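All heavy atoms count here, side chains included; hydrogens, waters and symmetry mates do not. Remember, it's a predicted structure, so these values are computed and weren't measured experimentally.
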Amino acid sequence: MTSLEDTARALVAEGKGILAADESDGTIKKRFDSIGAESTEGNRRAYRELLFATDGAEDYISGVILFDETIRQSAEDGTPFPKLLESKGIIPGIKVDKGAKPLALSEDETITEGLDGLRDRLNEYRELGARFAKWRATYSIAADKPSEYCVWTNAHALARYAALCQEAGLVPIVEPEVLQDGTHTLEESSKATGRVLQAVYTELHDQRLDYRGTLLKPNMVLSGYDATDRAGVQEVAEATLECFYKHVPAAVPGIVFLSGGQSDEDATAHLNAMNALGPHPWELSFSYGRALQAPALKAWGGKPENVEAAQRAYYHRAKMNGAARTGMYAPEMETAGVA
Ligand code: 13P
């Protein structure tokens, strides 16, 4: 087993998953606006420290994805965040894309940028303690979307990023996110997700990736958030599995889903239902941002006196998702034993 494979497998260790805490400046400002907190460097640092220092979270959290600012910040006592995480056995990772930008000559589609200078940035991040990286591409579902143009240009960029990561000794998390906004059906979501995955694995293969040292971070197959008659938990689990069985090679150690705007409890229930239908060729885990952080962010509200309440909320969600890793989650656990 290569060290890349070791890291990838450690990130999807039994009962554990990843915290995505890599919100860009714009996104974290939106999150802070929602709780009436100001997005200053100090507040962002304090909020991230609260999450990273939560006692016991390491029982359910294998890795944390950091943002460029965050990987350079330290805890109040001066310990750099990557060191703080490592001391708890949590693997530090880093978002390296520069965001989804308008795709030239397309109708409102996006291409993710950030390849220029990436080799040097990866080497610097590795020095700073990162062991894995993330790059997110986004696609919308509509009558003529995602276009083949958008699907293949993003797949090509994802593979170029992933190859540079493996060269630098970092595990690439490959994140093609088919956005689930809109009124589409479950079948339409499955079709779009399947097309995207097919292109991604074609490009990863052509660009010589060793799948064993990669992780996939996809959307789940859902009915659109504004669709009438939305699919239930079991249907979502079955449709998602069917799509991934068709398109994701068994050599990939793990699929770490994003939450993508689902409620925190829906994201947990869906993951749980998929694992209850296992075993599968790959580990099925989580790499949630909002679905792990939403209750903690709300409990914190930007106030130092709420840090403990926020840590309890974060710990609880981590524990619920840890249970969903083995299909052992039940909604009754949401209220049982909450301090
Ligand atoms: P969400 O779980 O909030 O979708 O965030 C995950 C992520 O990292 C998006 O890139």
Side-chain angles (χ1 to χ4, degrees), residues 1 4-20 57-63 91 132 171 173-178 180 186-187 189-190 193-194 196-198 200-201 204 211-223 230-260 262-288 291-292 316-334 336:
M1 199 150 72
L4 287 173
E5 184 175 2
D6 283 343
T7 303
R9 293 206 175 273
L11 286 166
V12 291
E14 193 179 334
K16 293 188 188 182
I18 298 169
L19 166 68
E58 62 273 18
D59 292 344
Y60 313 109
I61 300 295
S62 55
I91 305 171
F132 69 101
V171 171
I173 294 190
V174 174
E175 181 179 0
E177 177 177 6
V178 179
Q180 301 298 309
L186 196 66
E187 291 68 32
S189 175
S190 175
T193 304
V196 163
L197 292 173
Q198 192 60 36
V200 165
Y201 282 102
L204 290 179
Y211 297 153
R212 295 169 300 179
T214 67
L215 292 172
L216 176 68
K217 174 164 175 168
N219 54 287
M220 295 180 193
V221 172
L222 304 174
S223 331
R230 300 192 63 222
V233 172
Q234 206 57 28
E235 257 184 296
V236 165
E238 286 168 16
T240 303
L241 286 171
E242 189 187 6
C243 182
F244 286 81
Y245 267 83
K246 283 190 202 158
H247 296 288
V248 182
V252 174
I255 299 177
V256 295
F257 289 98
L258 57 91
S259 59
Q262 302 177 61
S263 75
D264 46 1
E265 293 185 20
D266 279 356
T268 308
H270 287 147
L271 178 64
N272 186 69
M274 286 189 267
N275 276 315
L277 292 166
H280 302 298
W282 350 259
E283 294 291 325
L284 293 183
S285 185
F286 57 91
S287 174
Y288 294 160
L292 271 169
H316 176 72
R317 282 264 52 84
K319 187 173 176 180
M320 295 301 100
N321 287 302
R325 284 282 285 109
T326 47
M328 298 299 284
Y329 166 80
E332 305 81 71
M333 292 161 65
E334 293 291 349

Donor + acceptor pair across side chains of Tyr329, Glu265 (<3.5 Å): no
Indicate the atoms forming the closest heavy-atom contact of His247 with Gln198, along with that distance. ND1-OE1, 2.7 Å
Minimum heavy-atom distance between Val171 and Gly213, given as atom pair plus value: CG1-O, 3.7 Å
Is there side-chain contact between Thr240 and His270, with heavy atoms separated by less than 4.5 Å? no
Quick one: side-chain contact (heavy atoms from CB on, under 4.5 Å) partners of Ser285, sequence neighbours excluded? Val12, Val256, Arg325
Run the salt bridge (charged side-chain N to carboxylate O under 4.0 Å, His left out) test against Glu175 and tell me which residues pass, sequence neighbours left out. Lys134, Arg136
Does the side chain of Ile61 come within less than 4.5 Å of Leu292's, by heavy atoms? yes
Between the CG atom in Leu215 and the CD atom in Glu283, the distance rounded to the nearest 0.5 Å is 10.5 Å
What I'd like to find out is whether the side chain of Glu14 reaches to under 4.5 Å of the side chain of Thr326, using heavy atoms alone. yes
Do Val236 and Arg230 come within less than 4.5 Å of each other through their side chains, counting heavy atoms only? no
One pair to check against side chain to side chain contact (heavy atoms under 4.5 Å, CB included): Arg317 and Thr268. What are the steps and the verdict? CA-CA 9 Å; Arg317 282 264 52 84; Thr268 308; 3.0 Å; yes
Closest non-hydrogen atoms of Ala323 and Asn272, given as atom of the first, atom of the second and distance, are O-OD1, 3.9 Å
What pair of heavy atoms forms the shortest contact from Asn275 to Leu284, and how long is it? ND2-O, 3.0 Å
Separation between OG1 (Thr193) and CD (Glu242), nearest 0.5 Å, reads 12.0 Å
What do you reckon, is CD of Gln234 surrounded by more than 12 foreign heavy atoms closer than 6.0 Å? yes
Taking every non-hydrogen atom, the tightest pair across Leu186 and Ala239: CD2-CB, 3.7 Å
Donor-acceptor contact present, side-chain Lys217 to main-chain Ser287, <3.5 Å: yes
Would you say Tyr211 and Leu204 make side-chain contact, with heavy atoms under 4.5 Å? yes
Does the side chain to side chain contact (heavy atoms under 4.5 Å, CB included) test come out yes or no for Gln180 and Val178, once each step is laid out? CA-CA 6 Å; Gln180 301 298 309; Val178 179; 3.8 Å; yes
Testing the basics here: between Lys16 and Ser62, what is the closest heavy-atom pair and its distance to 0.1 Å? CB-CB, 3.9 Å
Is the side chain of His280 donor-acceptor paired with the backbone N or O of Leu241 at a distance under 3.5 Å, no angle test? no
Is there a donor-acceptor pair closer than 3.5 Å between any side-chain N or O of Trp282 and the backbone N or O of Val248? yes
Separation between CD of Glu187 and OG of Ser223, rounded to the nearest 0.5 Å: 8.0 Å
List for me each residue that meets ring-ring contact (aromatic ring centres under 6.0 Å, His included) alongside Phe257, sequence neighbours excluded, and say none if there are none. Phe244
Counting distance only, does the side-chain N/O of Ser189 pair as donor-acceptor with the main-chain N or O of Val221 below 3.5 Å? no
Hey, does Leu271 have a side-chain heavy atom less than 4.5 Å from the side chain of Tyr288? yes
Any Phe286 side-chain heavy atom under 4.5 Å of Ser259 side chain: no
Could you check whether any side-chain heavy atom of Ile173 comes within less than 4.5 Å of a side-chain heavy atom of Ile18, counting everything from C-beta outward? yes
